[in-house]
Undergrad: 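This is the structure I want to talk about, given as structure tokens.
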Amino acid sequence: MFYEPEDALTGHEGRGQGYLERPTRPLPRPSEDDQTTSHATRPDRDALFLALGEEVFDVLVIGGGITGAGVARDAALRGLRVALVEKNDYASGTSSRSSRLVHGGVRYLEHGQLGLVFESSRERRTLQRIAPHLVRPLAFTWPVYRGARVPRWKLGAGLLLYDVLSLFRNRTHERLDANAVHASEPALRTDALVGGARYWDAATDDVRLTLATVLSAQRAGAVVLNHTAVVALVHEAGRVAGATVAATLDQATATVHARVVVNATGPWSDEVERMADARAGAGVRGSKGVHVSVPRVRIGNAAAVTLTAPQDGRVMFVLPAGRYAIIGTTDTYDATAPDDVHATRADVTYLLEAANHYFPDARLTEKDVVSAWAGVRPLAAHGATGAPSSASREHSIANSAPGLVRVTGGKLTTYRAMAAEVVDHVERLLGSAPSRCRTAKLAVAGGELDDTETEVAHAIAATGDEAVARRLVMAYGSAWHGVWSLTQADQGLVTAVEPGLPYLYAELLHAITHEQAATLGDLLIRRVPLAFETRDHGRSAARRVAHVVGRWLRWSLEELDDAVAAYDAESARIFSVTDD
Ligand SMILES: Cc1cc2nc3c(=O)[nH]c(=O)nc-3n(C[C@H](O)[C@H](O)[C@H](O)COP(=O)(O)OP(=O)(O)OC[C@H]3O[C@@H](n4cnc5c(N)ncnc54)[C@H](O)[C@@H]3O)c2cc1C
């Protein structure tokens with residue numbers, strides 16, 4: 001039995017939601033003659049799954065985090081035949097749990113990693129050019145207190161070096177006296193404040209950066225599919241020649257043949273290595289990083305603040321994120337399976353204590369925490385020997401078996417450069433000299449914008465709502481028109497998914513038709529970050545949303561219940577805080 005729309009309109013969960021108060025208006029359902037969707041991006045999952053088995057690809061990329069996405073895009077732009085499979089959703093791993101910074105890595109200066117800072121600064125410039133809507137300048141205030149581990153002179157010298165390593169092409173730092181620090185961040189502790197500095201890095205949206213890169217790969221001809229796991233590697237003539245993949249939503253399996261396989265599974269990469277050689281040792285060492293978000297009014301930060309944790313002197317941040325402030329991060333080696341990583345009470349306490357130390361009026365307690373989540377940094381094991389915070393963030397590319405290339409380490413910031421190196425390596429394995437990498441010049445999907453603020457002004461004129469306009473332009477860039485135009489066909493799509501948050505039902509429809517969103521988790525955790533911004537992590541919204549998208553996706557009542565249960569399980573897995 002297919003789900004009847006009337007059920008949605010009488011269900012308790014739907015009451016009071018503008019969209020569901022419109023019983024007579026049929027909801028748009030993606031169809032073959034729908035002019036708002038393009039064939040290139042239409043998610044005919046069965047056809048895509050079949051396509052995976054139909055040819056011998058030059059490269060099969062395993063993993064749809066930022067690393068795999070970057071490799072697939074670069075390889076496809078160089079004319080290689082590329083397939084990418086992701087076992088869950090794009091960016092569902094570490095690439096949705098970062099501090100959302102594209103940064104030169106000021107703290108790496110302390111560890112003498114000047115090469116990494118130079119590369120990261122160059123990539124910060126590049127990403128601001130190719131993804132201007134997703135990588136935006138962000139000012140940081142770094143206050144210095146008497147007796148601090150990093151005194152003023154050292155901070156000044158470090159930031160000067162930071163400017164030098166960015167070739168002075170980033171806005172340069174300013175020294176601040178105590179009054180100027182107080183003027184920038186009035187809520188900061190003032191006793192023993194001796195001054196500080198302001199410097200510039202960039203903020204990003206890790207999920208949307210990953211998605212934009214996946215979509216770009218797809219536009220360049222790659223076959224990409226989420227909810228498709230590699231379960232075994234195919235061996236032919238003594239080399240890895242492809243993989244067996246399983247569709248996690250409907251149990252289908254297929255064999256993908258490829259001349260080279262790239263293992264870009266971040267913290268999971270040892271699992272894939274063991275599919276090639278059961279005796280493979282550890283190539284990756286996971287370091288867990290936890291963030292918490294609290295209402296910004298509770299902490300009172302004006303912009304981004306860099307702090308050294310009072311407990312152990314580690315560098316950490318308080319970051320602005322709309323109505324919220326994000327405090328992060330911890331950095332501890334952790335052997336928990338990456339699928340199960342989550343925050344503990346001790347992690348949360350550490351972060352709140354540090355924030356309370358510097359923002360004494362905040363007096364944050366666990367009750368203030370809107371959400372807490374953890375991610376695993378996939379550090380290259382050979383560089384991860386000392387304390388995790390001083391372990392190298394450099395990446396490593398290795399031929400772990402004939403036909404299998406493994407990439408580990410790295411950062412969101414350096415993904416493009418890392419991908420270029422991987423694809424050079426792949427081309428050599430394929431028997432040709434590396435061809436020209438084009439990813440530093442070509443905008444990612446949605447990045448074709450002259451000026452973000454001008455685009456926001458157009459979006460405000462169209463939508464009449466600044467918060468919605470900013471969200472649309474910052475998330476979709478030049479593609480915002482496509483999302484908004486869905487509302488011309490159905491005004492109901494202007495309804496906010498959650499009252500008070502700027503995410504529209506139009507975004508959910510777009511996510512299904514253009515971004516391969518297939519589950520409620522894809523929609524409410526990653527396509528819109530509602531789960532991060534609500535205390536119940538989107539659970540109440542999930543049931544409401546299920547009634548609407550269930551009609552678009554023709555879910556039966558059983559499927560609808562299963563979808564909600566799967567959402568509850570996924571959000572609990574990501575956002576639960578446990579005692580250990
Ligand atoms: C707390 C924290 C803060 C950070 N902050 C920053 C920051 O501010 N700036 C920055 O530049 N970097 C930051 N980083 C680092 C950055 O987030 C990571 O380096 C990056 O996201 C790793 O991406 P990845 O694609 O290698 O791994 P992932 O994003 O984990 O992707 C691997 C993917 O492989 C998939 N997969 C696994 N097994 C299989 C299989 N068998 N078949 C198919 N798919 C599979 C997984 O589902 C996953 O989606 C941070 C990291 C952490 C943990």
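Just follow the structure's listing: the first ligand is 1, and inside any ligand the first atom is 1.
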Undergrad: Is ligand 1 under 4.0 Å from a heavy atom in the side chain of I62, in the backbone, in both, or in neither?
TA: side chain
Undergrad: What part of L412, side chain from CB on, backbone N/CA/C/O, both or neither, has a heavy atom under 4.0 Å from ligand 1?
TA: both
Undergrad: Who's closest to atom 5 (N) of ligand 1 heavy-atom-wise, of S99, G289, P267, G328?
TA: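 Looking at heavy atoms only, the winner is S99.
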Undergrad: Can you confirm if the NZ or CZ of R171 lies within 45° of the ring axis of Y162 and under 6.0 Å from the centre of its six-membered ring?
TA: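 No, R171 does not sit over the ring of Y162.
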Undergrad: Return yes or no for this condition: an N or O of S98 is under 3.5 Å from an N or O of ligand 1.
TA: no
Undergrad: Knowing that exactly one of T408, L404, T265, L233 qualifies, which makes a side chain to side chain contact (heavy atoms under 4.5 Å, CB included) with E273?
TA: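 The side chain to side chain contact (heavy atoms under 4.5 Å, CB included) with E273 is passed solely by L404 among T408, L404, T265, L233.
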Undergrad: Provide the number and element of each atom of ligand 1 under 4.0 Å from a heavy atom of R100.
TA: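 So the atoms of ligand 1 that pass are 8 (O).
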Undergrad: Is the shortest side-chain N to carboxylate O distance from E119 to K411 below 4.0 Å?
TA: no
Undergrad: What part of A374, side chain, backbone, both or neither, has a heavy atom within less than 4.0 angstrom of ligand 1?
TA: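 It is neither part, as no heavy atom is under 4.0 Å.
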Undergrad: List ligand 1 atoms under 4.0 Å from S92, heavy atoms only on the residue side.
TA: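 Near S92, meaning under 4.0 Å from one of its heavy atoms, ligand 1 has 47 (O), 49 (O).
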Undergrad: What do you reckon, does I66 have a nitrogen or oxygen under 3.5 Å from a nitrogen or oxygen of ligand 1?
TA: yes
Undergrad: Under 4.0 Å from any heavy atom of G63, which atoms of ligand 1 are there?
TA: 33 (C), 34 (O), 35 (C), 44 (N)
Undergrad: With distance as the sole criterion, is a donor-acceptor pair present between the side chains of Y90 and Q516 under 3.5 Å?
TA: yes
Undergrad: Has ligand 1 got any nitrogen or oxygen that is less than 3.5 angstrom from a nitrogen or oxygen of H291?
TA: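 Looking only at distances, the answer is no, because the N/O contact criterion of under 3.5 Å is not met.
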Undergrad: Report the part of H103 in contact with ligand 1, treating N, CA, C, O as backbone and CB onward as side chain, heavy atoms under 4.0 Å; options are side chain, backbone, both, neither.
TA: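 Side chain only; the backbone of H103 stays clear of ligand 1.
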Undergrad: Under 6.0 Å between ring centres, would you say that holds for W200 and F140?
TA: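 Centroid distance W200-F140: not below 6.0 Å, so no.
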Undergrad: Pick one: which of H291, H537, H342 meets ring pair (Phe, Tyr, Trp, His ring centres under 6.0 Å) with F575?
TA: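 Testing F575 for a ring pair (Phe, Tyr, Trp, His ring centres under 6.0 Å) against H291, H537, H342 leaves exactly one candidate, H537.
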Undergrad: Can you figure out which of A202, G410, A203, A91 has its heavy atom closest to atom 19 (O) of ligand 1?
TA: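 Ranked by closest heavy atom to atom 19 (O) of ligand 1, first place is G410.
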Undergrad: I want to confirm something. Looking only at heavy atoms, which of T265, T329, L225 is nearest to atom 32 (C) of ligand 1?
TA: T265
Undergrad: Under 3.5 Å between any N/O of T94 and any N/O of ligand 1: does that happen in this structure?
TA: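 Between T94 and ligand 1 (N or O atoms, distance only) the closest approach is under 3.5 Å.
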Undergrad: Report yes or no: does N356 contribute a side-chain atom to a donor-acceptor pair with the main-chain N or O of L352 at less than 3.5 Å?
TA: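 Side chain of N356 to backbone of L352: a pair is present.
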Undergrad: Does the N or O separation between N88 and ligand 1 drop below 3.5 Å for any pair?
TA: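 N/O-N/O distance under 3.5 Å: no.
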Undergrad: Does either side chain, that of N263 or that of W268, offer a donor lying less than 3.5 Å from an acceptor on the other one?
TA: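 Side chains of N263 and W268: no pair found under 3.5 Å.
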Undergrad: Is there at least one pair of N or O atoms, one from E86 and one from ligand 1, spaced under 3.5 Å apart?
TA: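 By distance alone, the answer is yes.
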Undergrad: Do G375 and ligand 1 have an N or O pair less than 3.5 Å apart?
TA: no
Undergrad: Side chain, backbone, both or neither: which part of V376 has a heavy atom under 4.0 Å from ligand 1?
TA: backbone
Undergrad: Can you see whether S98 engages D206 through a side-chain donor-acceptor pair at a distance of less than 3.5 angstrom?
TA: yes
Undergrad: Give the atom numbers and elements of ligand 1 that come within less than 4.0 Å of a heavy atom of G93.
TA: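 The list of qualifying atoms is 29 (O), 30 (O), 49 (O).
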Undergrad: Are R259 and F57 in a cation-pi setup, meaning NZ or CZ lies under 6.0 angstrom from the ring centre and within 45 degrees of the ring axis?
TA: no
